[in-house]
Protein chains: 2
Amino acid sequence: MPRKISESTVGRLSLYLRFLEEFERRGVTTVSSQALAVRGGTTAAQVRKDLSLFGSFGKRGLGYSVPELTAAVRKILGLGRQWRVALVGAGRIGSALFEYGDFRQRGFRIVCVFDSDPEKVGRAWGDVKIEDSAGLTEKLGREQVDIAILAVPVDVVQEVSDRVVEAGVGAILNFAPTQLHVPPSVAVQHVNMSVELEALSFALSRVEGAA
Amino acid sequence: MPRKISESTVGRLSLYLRFLEEFERRGVTTVSSQALAVRGGTTAAQVRKDLSLFGSFGKRGLGYSVPELTAAVRKILGLGRQWRVALVGAGRIGSALFEYGDFRQRGFRIVCVFDSDPEKVGRAWGDVKIEDSAGLTEKLGREQVDIAILAVPVDVVQEVSDRVVEAGVGAILNFAPTQLHVPPSVAVQHVNMSVELEALSFALSRVEGAA
DNA sequence: ACATGTGAACTGCTTCACAGCG
DNA sequence: CGCTGTGAAGCAGTTCACATGT
């Protein structure tokens with residue numbers, strides 16, 4: 001196993017996995033790097049390089065066995081187990097995420113939900129009761145949470161993040177539009193929809209300006 | 001203006017803008033590249049390089065004027081106008097996006113919403129009526145939509161994308177976990193929450209494995 | 001013959017270090 | 001003196017091209 005794998009490689013592996021699962025459902029038994037590349041919007045060489053960082057999964061002259069490669073990529077991504085996830089923030093975004101079936105299906109189980117609004121605390125979402133954020137640090141440790149999803153307002157997210165880290169959680173998915181400061185041992189990913197929209201705004205104004 | 005600007009630069013500019021707006025609210029009049037770097041999780045040199053791609057906005061020995069730089073970055077990102085946005089898919093994610101105040105505040109106005117579920121068609125969200133996806137292509141052209149947000153299931157998203165492109169929309173924000181195939185003149189951004197979670201899964205299993 | 005796996009070349013982003021200017 | 005603006009150096013990710021194996 002190599003020391004350092006780039007973000008981009010990991011992201012592409014996730015995409016390949018989806019295509020592989022689709023091929024599997026359709027009963028396809030073999031794929032070439034070329035086929036994966038077309039679906040993923042990249043090149044065959046890139047696919048082979050990504051995979052070669054973790055081993056040799058293909059057969060020369062033939063391609064990759066779909067079931068074998070699927071299993072291999074799942075394992076690489078650490079999807080062989082259930083991950084215990086906490087959702088902090090039971091607003092609009094939190095609610096959409098809770099209902100998002102894809103997560104559960106991929107082994108991410110939301111085991112607790114927090115909110116600071118007394119109106120919401122005590123309500124049940126499915127079989128999970130919304131708890132008061134006050135007890136967050138303690139509960140996260142007790143529940144052995146692996147990943148925390150932060151869907152809280154930007155002005156409190158750093159404080160929430162600090163408490164999550166204190167509880168020993170090693171990974172954070174942040175929906176607030178700011179950079180979190182965490183120890184290097186904690187993995188952080190961002191989802192920032194406004195930033196994506198602004199990238200589109202930028203692209204659009206460029207082509208207009210060029211006309 | 002330079003020919004090619006990287007995705008990463010544009011993303012960072014969006015972040016800088018948020019910090020600048022925050023400084024502005026707090027009445028700070030001047031920032032250094034260093035101050036922006038700390039907030040954005042990058043380096044002072046990177047900030048200066050990003051900005052220098054578009055011009056000289058600072059004063060040597062002093063830093064940047066907050067109001068001036070804010071205005072400059074807004075202009076660079078094309079945020080000086082209202083963008084007309086269509087939301088396709090009125091499910092959980094669509095609903096969360098519709099309510100997401102940040103968009104409107106930054107000049108992205110959702111002017112129409114589509115869904116293919118007859119149950120939903122005809123209902124009103126605020127002052128926008130949900131329309132049948134059947135009339136999508138025609139309506140998008142009539143409404144002069146700039147950007148389409150696709151929050152539809154993965155198995156129909158390519159078809160929806162084709163119709164959106166046909167209507168002449170130049171920018172797409174895609175929430176479905178697949179690569180869209182569009183002409184090079186159309187700008188596409190992705191938001192893929194499962195991919196982000198899988199990156200965390202990958203990171204977590206690495207540190208465990210290393211122990 | 002065909003498709004993988006991979007060193008080598010290349011491209012482009014990031015970091016460095018310092019000249020330039022307030 | 002302090003901080004910006006920027007060529008040059010360094011580094012990382014991508015693409016190329018071919019040896020390797022079926």
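Quick note: numbers below take in every heavy atom, side chains included, and nothing from hydrogens, waters or symmetry partners. Residue numbering restarts at 1 for every chain, and letters A, B, ... go by the order of the sequence lines.
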Let's see if you can work this out: which of [options] has an atom nearest to the side-chain heavy atoms of [X]?
| X | options | answer |
| --- | --- | --- |
| B:Ala45 | D:dG21, C:dT6, C:dA17 | C:dA17 |
| A:Ser8 | D:dT20, C:dT14, D:dG13 | D:dG13 |
| A:Ser6 | C:dG5, D:dG13, C:dC21 | D:dG13 |
| B:Thr43 | C:dG5, C:dT15, D:dG5 | C:dT15 |
| A:Lys49 | C:dG7, D:dG13, C:dC21 | C:dG7 |
| A:Ser52 | D:dT4, C:dT4, C:dG5 | C:dG5 |

Can you tell me the distance, in whole Å, between the [atom1] atom of [X] and the [atom2] atom of [N]?
| X | N | atom1 | atom2 | answer |
| --- | --- | --- | --- | --- |
| B:Leu69 | D:dC3 | CG | C1' | 14 Å |
| B:Ile5 | C:dG12 | CD1 | P | 13 Å |
| A:Leu51 | C:dG5 | CG | P | 7 Å |
| B:Tyr16 | D:dT4 | OH | C1' | 14 Å |
| A:Glu68 | C:dT4 | CD | C1' | 14 Å |
| A:Leu53 | D:dA12 | CG | P | 14 Å |
| A:Asp50 | C:dT4 | CG | P | 13 Å |
| B:Phe57 | D:dG5 | CZ | P | 8 Å |

Does [X] make a side-chain N or O approach to OP1 or OP2 of [N] shorter than 4.0 Å?
| X | N | value |
| --- | --- | --- |
| B:Arg12 | C:dT14 | yes |
| B:Gln46 | C:dT15 | yes |
| B:Tyr64 | D:dG2 | no |

Under-3.5 Å donor-acceptor pair between A:Arg48 side chain and C:dT4 base: no
Under 3.5 Å donor-acceptor pair, B:Arg60 side-chain atoms to D:dT4 base atoms: yes
Sugar-phosphate only, base, or nothing, as touched by A:Ser33 at under 4.0 Å among non-hydrogen atoms: sugar-phosphate
Aromatic centroids of B:Phe19 and B:Tyr16 separated by under 6.0 Å: no
Working for side chain to side chain donor-acceptor pair (under 3.5 Å), residues A:Asp50 and A:Gln46: CA-CA 6 Å; A:Asp50 285 337; A:Gln46 181 75 77; 3.3 Å; yes
Upstream residue (5' side of DNA chain D) when A:Lys59 and A:Thr9 are each assigned their closest nucleotide: A:Thr9
Exercise: do B:Arg18 and A:Ser194 side chains pair donor with acceptor under 3.5 Å: yes
B:His190 backbone acceptor or donor facing B:Asn174 side chain under 3.5 Å: no
Stepwise side-chain contact (heavy atoms from CB on, under 4.5 Å) check, B:Tyr64 with B:Thr30: CA-CA 5 Å; B:Tyr64 301 88; B:Thr30 293; over 6 Å; no
B:Arg81 atom CZ, over 12 foreign heavy atoms within 6.0 Å: yes
Whichever of A:Ser56 and A:Gly61 has its nearest DNA chain C nucleotide further upstream toward 5': A:Gly61
